[in-house]
There are 2 protein chains.
Amino acid sequence: MNNMYKGEYVPPTLTVDSVIFQIINAQLCVLLIARAQEPFRGSLALPGGYNAVGETTHEAMKRTLLAKAGISTDSLGLIEQLYTFDTVARDPRGHAVSVTYMGLGKDLTIKQSKGAQNPVFIPVSQLPELAYDHDEIIKYSHERLRAKITYTNAAFALLPKLFTLSQLQGVYEAILGKELDKRNFRKKFLSLELIEKTQKIYKEGAHRPARLYKFKQQRLQELSRSFE
Amino acid sequence: MNNMYKGEYVPPTLTVDSVIFQIINAQLCVLLIARAQEPFRGSLALPGGYNAVGETTHEAMKRTLLAKAGISTDSLGLIEQLYTFDTVARDPRGHAVSVTYMGLGKDLTIKQSKGAQNPVFIPVSQLPELAYDHDEIIKYSHERLRAKITYTNAAFALLPKLFTLSQLQGVYEAILGKELDKRNFRKKFLSLELIEKTQKIYKEGAHRPARLYKFKQQRLQELSRSFE
DNA sequence: ACAAAAGTGTTAAGAATACACCCATGT
DNA sequence: ACATGGGTGTATTCTTAACACTTTTGT
């Protein structure tokens, strides 16, 4: 295994995969594409692809996400590296190493580009069988997201600039998978001082209009006291 | 950048690096080696090396740690993958991707093996200038460790099977970099029910002997309430 | 007897939880 | 007038934080 000393070093294949989350209809959804090629042709999979020499993993992520799903990373509110998986046993084509990223967005529009492969957002609670071990990766990612919203303001990346407290609570409920008490949620969240009232009102449906709030910062911040 | 479609795909170099922590004299120390080759010949660096095809990153970590520092991963209480760094700009030899692991141990004995490169444990508070951006990696790793001990029982990996409450508190103080109140620390930690009293007593020095405790589990557990 | 670390309890302030009704709107 | 989601307060329990003296040993 000391090939490198003899000048015969051969690196494994390097790939990147993206787990892009978005809340749709109060459900946490993940971006998947239908694979156009073997292996797992026709199965749903995370968007991803090869990472060649000279390209950073972040650049490869950006490129593959745009190519396979027509989504620009600029439209994501937050991107972070998740974990690096060894795929020795996992990929039928042989040894590869996959660097995974998690991205959070809202109102993501999928542009059907030339090379795109039918990108869709599917609720994480209703995933069909996926290619490779992508279900494991999504589960891991969901776990990370759950943790992330409890000690940071990451929810900003899943909400519009202006939002109601009910929408905010809905994001937490969708990710944590449980209902929260409205009064306690509001009291706690407001006491964290991450958001502020605006003068705007959101009218919708046959009920009392809601006040709109906004995050003070549109970038990741740690909470002073963790949540839930 | 679509070389792979033409069968010309060339992956970047893949390397692994390990950040191995140990508490020595109430100080958090990290394992470093003196580089025997260019680049950064003579500088201190994290132990690491190439990861060739057919080998998982974990296997490569294990192998390089043994080869460069004579430390067996079996002697570590905890190992976890940290982060994957792109080294396009960082490595003078060109584009590489480095998967980093964090390991925690106690009483680690460095065996000077044939290929070993003067491995030493150095307090993180007194690091000299290091090769590459290894200082950044260590800082990141320290941050992760700080978080880890506040929401898990990870401290078990840095302590002997039996330990005194003062030793346990010392681990927290060394990692958090601040002093803690003895009474509050004990009350809180005991209430978490992760450790239990033993009948053993530790006598040392000209003072009252201390009761020894042990962790109920020698594997990672989340705390019911997070710490500090 | 002294030095050195071990061990121990109370009080006050802050945070979390449980819980139910009125408000503003559209139909 | 009714259905729908928006908005609000209090009492209780639990958790944290601040704080100082006695005990046991070796020399």
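Heavy atoms only: backbone and side chains are in, while hydrogens, waters and symmetry mates are out. Per chain, numbering begins at 1; letters A, B, ... match sequence-line order. The structure presented is a predicted model; accordingly, all values stated were derived computationally and were not measured.
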Residues in ring-ring contact (aromatic ring centres under 6.0 Å, His included) contact with Tyr101(B), at least two apart in sequence or another chain |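 With neighbours one apart ignored, the set is His58(B).
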
Are the side chain of Thr198(A) and the backbone N or O of Leu212(A) linked by a donor-acceptor pair below 3.5 Å?
->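 Judged by distance alone, yes, a pair lies under 3.5 Å.
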
Answer yes or no: is there a donor N or O on one side and an acceptor on the other, between the side chain of Thr100(A) and the main chain of Asp17(A), under 3.5 Å?
->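 The answer is no, because no donor-acceptor pair under 3.5 Å joins these two groups.
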
Under the side chain to side chain donor-acceptor pair (under 3.5 Å) rule, collect the residues that match up with Thr84(B), sequence neighbours excluded.
->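 Residues passing side chain to side chain donor-acceptor pair (under 3.5 Å) with Thr84(B): Thr84(A).
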
Results of side-chain contact (heavy atoms from CB on, under 4.5 Å) for Ala131(A) - residues two or more places apart only |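 Result, side-chain contact (heavy atoms from CB on, under 4.5 Å) vs Ala131(A): Arg35(A), Phe40(A), Ser43(A), Ala45(A).
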
Under the side-chain contact (heavy atoms from CB on, under 4.5 Å) test, which residues partner Ala60(A), sequence neighbours left out?
->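 So Ala60(A) forms a side-chain contact (heavy atoms from CB on, under 4.5 Å) with Val16(A), Asn51(A), Glu55(A), Arg63(A).
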
On DNA chain D, reading 5' to 3', which nucleotide is the first and which the last to sit with an atom under 4.0 Å from a heavy atom of chain B, could you check?
->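 Contact span on the strand: dT15(D) to dG26(D).
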
Contacts to DNA chain D from residues 170-183 of chain A, heavy-atom cutoff under 4.0 Å, which residues?
->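 Lys182(A), Arg183(A), in order of number.
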
Residue pairs involving residues 190-217 of chain B (criterion ring pair (Phe, Tyr, Trp, His ring centres under 6.0 Å); sequence neighbours excluded) =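 Listed once each, the pairs are Phe163(B)-Phe215(B).
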
Under 3.5 Å, which donor-acceptor pairs do the side chains of residues 174-194 of chain B form with other protein atoms, sequence neighbours left out?
from, atom 1, to, atom 2, distance (Å)
Asp181(B), OD2, Arg183(B), N, 3.1
Asp181(B), OD2, Asn184(B), N, 2.8
Asn184(B), OD1, Lys187(B), NZ, 3.3
Arg186(B), NH2, Ser166(B), OG, 3.3
Lys188(B), NZ, Ser226(B), O, 2.8
Ser191(B), OG, Lys188(B), O, 2.7
Ser191(B), OG, Arg225(B), NH2, 3.0

For residues 142-161 of chain A, pull every pair meeting salt bridge (charged side-chain N to carboxylate O under 4.0 Å, His left out), keeping only residues two or more places apart or in separate chains.
->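 The answer is Glu80(A)-Arg144(A), Glu80(A)-Lys148(A), Glu143(A)-Arg146(A).
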
Sorted by number, the residues of residues 206-215 of chain A with heavy-atom contact under 4.0 Å to DNA chain C =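 Residues of residues 206-215 of chain A under 4.0 Å from DNA chain C: Ala206(A), His207(A), Arg208(A), Pro209(A).
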
When you measure from every atom of DNA chain C, which of residues 186-204 of chain A have a heavy atom less than 4.0 Å away?
->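 The answer is Lys187(A), Lys188(A).
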
Between Lys106(A) and Leu159(A), what is the shortest heavy-atom contact and its length?
->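 Closest pair (atom of Lys106(A), atom of Leu159(A), distance): CD-O, 2.9 Å.
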
Which donor-acceptor pairs under 3.5 Å do the side chains of residues 18-28 of chain A make with protein atoms, sequence neighbours left out?
from, atom 1, to, atom 2, distance (Å)
Gln22(A), OE1, Asp107(A), N, 2.7
Gln22(A), OE1, Leu108(A), N, 2.8

What do you reckon, is NZ of Lys216(B) surrounded by more than 12 foreign heavy atoms closer than 6.0 Å?
->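 More than 12 within 6.0 Å, yes.
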
